[in-house]
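Written out below as structure tokens is the structure these notes cover.
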Amino acid sequence: MNESTRRSGTIIAGLVATVLAVAMALVVGRPAAEPAVRLEVGDIATEDFVATRYTELVDAAATQLARDEAADAVAAVFEIDQDVRSRVEQRIGLLFAAVRDAPAPVGLTLSHEIGAVQPSAVGNVFTVEYTVTVTNPASTRSSYRLEHSPLLSPAAQVLAATATSELSIGDPEEVELDPTTLPWALTGDDRLQEIQPSSSDVYTVRVRFSVNADQVTDANADCSSGDGERNTGLRGEARVIVDPNSADAVTCTQLPVVAVPAPPAGEGEATTTSSTTTTTVAPSTSTTTTIPVALQIDTLVGEYGSLYADAIPVLVTLYADHLADMANGGPGFFDSVEQEVIDLAGERMTAGIRADELRDVQIGLTAAPPPLFVQGLDQEARAMLSTAGADVVALSLEANEIENRQATEQARQMAADGVADITRDWVPAEPIVTAGSPIDAVQLEAITANGLLDPEPGTSRVAAAALGGLAVLMAALFLWRITPARWSQPKHIFILGILLLIAALVSRVPQLLGSESPQLAYILPASLLGYASAILYDPRTALLTAVPMALFVAISTLDPALTVFAAAATVTPIAFVSAVSTRRELRLAVLLGAAVLAPLAYTIAWMFDGRSAAVPAALAGFIGGVIGGFVGQGLVSFLENLFQLTTTVTLLDLTDRNHPALRLIEERAPGTFNHSILVGNLAGKAARAIGADPLFAQAAAFYHDLGKTENPQYFIENQFGVSNPHDELDPVQSAELIRRHVADGLRLARRYRIPPEIAAAVEQHHGTGVMRYFYHKAAENDPSLDPALFRHTGVRPQRKEMAILMISDAVEGATRAMAQHEDPTSESLRKVVDSVVGEKLDDGQFDESDLTFGDLTRVKEALLIALIGYYHTRIPYPGFPGTPVGAA
């Protein structure tokens, strides 16, 4: 997007925003025209209202009622939510998993075998091996602690013991056992060891002991000692602990009869006799430990609370039976139990269960549990399962037939849309409503449509907004046609929008004051728009703003007298602020404008409202003029700072001799300061002669040489009493030094916040002219020298005031130089002015300004008159300077 398109878009957006803002300011809080007779629905008709033409109207209430009935007749649309079924089945599966794992009944089987006692070659020392096997055929998770105690004769002394473990997981391990400590812990010193399903761990304990040979025989077959019997046998006891709260499994195995060698015969002789009695080795024994069912039930009830309190004992019992069945080599049945319960839940949800049906389904399940058949269960167990399964399903079920609200609404909306509008009609001369009957909404609409309620005089809010918007567009169009360059800039459109919005708000002031004293309405501060637009822009623009101001007042008050007064009040201050050159004149303009508005209000009120209203209106008009003047000046200060505009107020501040930038020139370059003041006086008089802005021309002249304060010694007007440094420089170097004061001036202008319009004088007062002195000095040595080396790098004047400044600057310097060599005369001054203007004209310096030849003629005359007054002839004083009068 290029710059032109962006600017156009900004301008259009500003105009649209202004139109909307003005329209709102004119209509917000504005009463609309109302009917003379006010009727509302439900009122009793005081007369017969008869139709004047055929009228057909939609009975909105009846139509809506019929559509509501049609929509209500549509049944809700339900659909099966498969996610609910999955969630219910998952919930049941989690319960069965908890039964298996909390804590699961384990089926650890403990087998214990004791080998034959083996004698050693050393006296009565023997060795016996105990083999303990732990199997886990069914449980998915169980831990255990295994302990072993050898039951020896009291006379036996254990010399050493070792244990070798052959675990289903892990490498074999052999450890030494403490012979003085029983029982020996073979697994899980401080914690239970995890084992996998169907694992089988084998532990072999080897015990080396010493005892008399006759004490390792005659073991009791039942591993116990009877009354009076001595405990002479060697036995073994194994103990497995599954859980601290579980029962222990203990096995006691009788040692077989062993062959014991005879003691050595004779000293040092190696002959040995032995007798061996052989018997069948005692069979191994085994036992199974299980966790008590009560413990599992308590654990699950603690986890689920009372949710499945009746079903949990049944499920736990069935699971224990299942494990027992598996321990005995059976296939087990708990998985089938779980599947039967899940299938029961699926059957109930297949047809769908709605929220209002869920309770009935749950009661039906618990009241009449359906039979569940599982292979391997007896009749009693099946009955228990049916009851528990029904409870589990009932408590797990959810409504899975859910209403599809969107589909239901669409179906109902289609049904409602299918109902045609219900209308009521009246033919001419048919009564719409008779006197004494209540009026319904359709009848009231028909009465209004037939024009049976005469409206009071009033205005439409829409019409008021439209007229206000047209006033804004009309003002913008006229201003754009008059000065397209200015009004093609977005900031000026925004300023115009702010001014017109304030004007629209001001037009509502009479409404705020009320109608008790109509003369107070003349306090309307319409003059502030004239002050602001005349100071911010020019008299022509200010005159044009009187049109929208008058239209806004007409829209807001409908009062012709105030409309005329608003237009006059907007125009009046323009004459007083258009040519002010001091702040005193600006304040005086406010008082003079208010003084003019007083008789104007007096006359207008006398004409429209009678003589009795004239005096109060005059007083209110004067007060409104003062308020408008000072508020307008404050508004100008705000807008010029906000949008960086150069107004009369700004120019008055710039021409104040106490301005920091002017004081800088006076302190650092006093000669330049005097030159700038004189050029400002010349430019102001010349600008006034052609109708240009004299205050602008004067302010521009004051700051045009601001850059000379950086190197004042290089400029002739500041070289009083010192040598000219250019005498020692090359002409090209001198030209560069002189040219630099333009760049320095622009930099200082930004530092001192000089408005851009005034700062433009720094680069436009020389334009692109040739520095003739240095050019001719250089040309004496090189006639073929390019004049472009000695041209200023500024910008040609862009407006009349800048062209006048260029002429005034050159004329002041030329006449001062001439006055150093001869006494100026009117003819010599005229020749200097004509020469300067002709040279600038021939060089094309005025081509980009709108200065005409007629303007140049008047400018030259004004400058000549000013110079003659400046260089007027003085009479010589005899003897001055000389000896004081009366001196001896």
Side-chain angles (χ1 to χ4, degrees), residues 660-680 682 700-752 754 759 761-795 805-822 824 832 835-836 839-840 843 845 870-871:
L662 285 180
R663 293 175 60 185
L664 177 70
I665 300 173
E666 185 176 17
E667 292 172 1
R668 292 190 178 182
T672 300
F673 177 79
N674 292 325
H675 161 73
S676 299
I677 298 300
L678 181 55
V679 172
L682 293 175
F702 280 7
Y703 297 93
H704 77 282
D705 276 340
L706 180 60
K708 290 183 179 180
T709 58
E710 292 296 289
N711 297 287
Q713 69 276 14
Y714 289 105
F715 300 93
I716 188 66
E717 67 268 23
N718 300 312
Q719 294 173 358
F720 183 78
V722 297
S723 60
N724 189 345
H726 291 287
D727 295 340
E728 306 298 328
L729 298 175
D730 180 83
V732 176
Q733 293 178 325
S734 297
E736 182 61 32
L737 287 170
I738 298 301
R739 189 182 291 118
R740 188 185 301 170
H741 86 283
V742 173
D744 292 337
L746 292 174
R747 178 172 50 80
L748 290 172
R750 288 192 296 270
R751 178 189 302 175
Y752 286 96
I754 306 299
V762 175
E763 58 179 348
Q764 293 183 25
H765 73 281
H766 285 307
T768 59
V770 177
M771 288 175 272
R772 300 183 63 85
Y773 176 81
F774 297 111
Y775 171 68
H776 288 300
K777 182 179 178 181
E780 291 176 357
N781 298 325
D782 184 6
S784 62
L785 192 65
D786 185 3
L789 295 174
F790 297 91
R791 282 192 178 275
H792 287 279
T793 58
V795 178
L805 169 60
M806 175 181 281
I807 297 171
S808 302
D809 183 38
V811 165
E812 197 282 329
T815 55
R816 184 182 295 273
M818 181 193 71
Q820 292 178 354
H821 304 289
E822 59 178 283
V832 171
S835 174
V836 169
E839 179 186 351
K840 301 295 183 185
D843 198 24
Q845 297 300 315
Y870 183 72
Y871 290 107

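Quick caveat, the model's predicted, so the values are computed rather than measured.
- With contacts defined as side-chain heavy-atom distances shorter than 4.5 Å, the pair Ile665/Lys708 does not qualify.
- Minimum interatomic distance between Ile754 and Ala661 (heavy atoms only, all atoms of both residues): CD1-CB, 4.4 Å.
- For the residue pair Ala749 and Ala759, the shortest heavy atom distance occurs at CB-CB, 3.8 Å.
- Ile716 has its side chain out of reach of Arg816: every pair of non-hydrogen atoms, C-beta onward, lies at least 4.5 Å apart.
- When all heavy atoms of Gln845 and His766 are compared, the closest pair comes out as OE1-O, 4.0 Å.
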Apply salt bridge (Lys or Arg N to Asp or Glu O under 4.0 Å) to the pair Arg740 and Glu710, showing each step before the final yes or no. CA-CA 9 Å; Arg740 188 185 301 170; Glu710 292 296 289; over 6 Å; no

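- In this structure, Arg747 places its CZ atom where more than 12 heavy-atom neighbours from other residues, nucleotides or ligands lie under 6.0 Å away.
- At a threshold of 4.5 Å between non-hydrogen side-chain atoms, the residues Ser676 and Thr672 count as touching.
- Tested against Asp744, the residues Leu706, Thr709, Asn711 include a single side chain to side chain contact (heavy atoms under 4.5 Å, CB included) partner, Asn711.
- Ala669 and Pro712 make their closest contact through CB-CB, 3.9 Å (heavy atoms, listed as atom of the first residue, atom of the second, distance).
- At a threshold of 4.5 Å between non-hydrogen side-chain atoms, the residues Tyr870 and Thr815 do not count as touching.
- Nearest heavy-atom pair across Lys840 and Ala810 is CE-CB, 4.0 Å.
- Remark: Tyr703 pairs with His659 by the ring pair (Phe, Tyr, Trp, His ring centres under 6.0 Å) rule, at least two apart or across chains.
- The structure places CG of Asp843 at 8.5 Å from CE of Met806, a figure rounded to the nearest 0.5 Å.
- Ion pairing between Arg739 and Glu736 holds under the 4.0 Å rule for side-chain N and carboxylate O.
- Atom OH of Tyr752 sits about 14.0 Å away from atom CZ of Arg750, to the nearest 0.5 Å.
- Residues Asp705 and Phe673 fail the side-chain proximity criterion, which asks for heavy atoms closer than 4.5 Å.
- Every ring pair (Phe, Tyr, Trp, His ring centres under 6.0 Å) that His675 has, sequence neighbours left out, goes to His704.
- Distance check: Asp809 CG to Leu678 CG gives 10.5 Å after rounding to the nearest 0.5 Å.
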Apply side chain to side chain contact (heavy atoms under 4.5 Å, CB included) to residues Gln764 and Leu805 and explain how you reach the verdict. CA-CA 9 Å; Gln764 293 183 25; Leu805 169 60; over 6 Å; no

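- Put simply, CD on Glu812 and OG on Ser808 are 9.5 Å apart, with the number rounded to the nearest 0.5 Å.
- Closest of all the heavy-atom pairs between Gly707 and Leu748 is CA-CD1, 4.4 Å.
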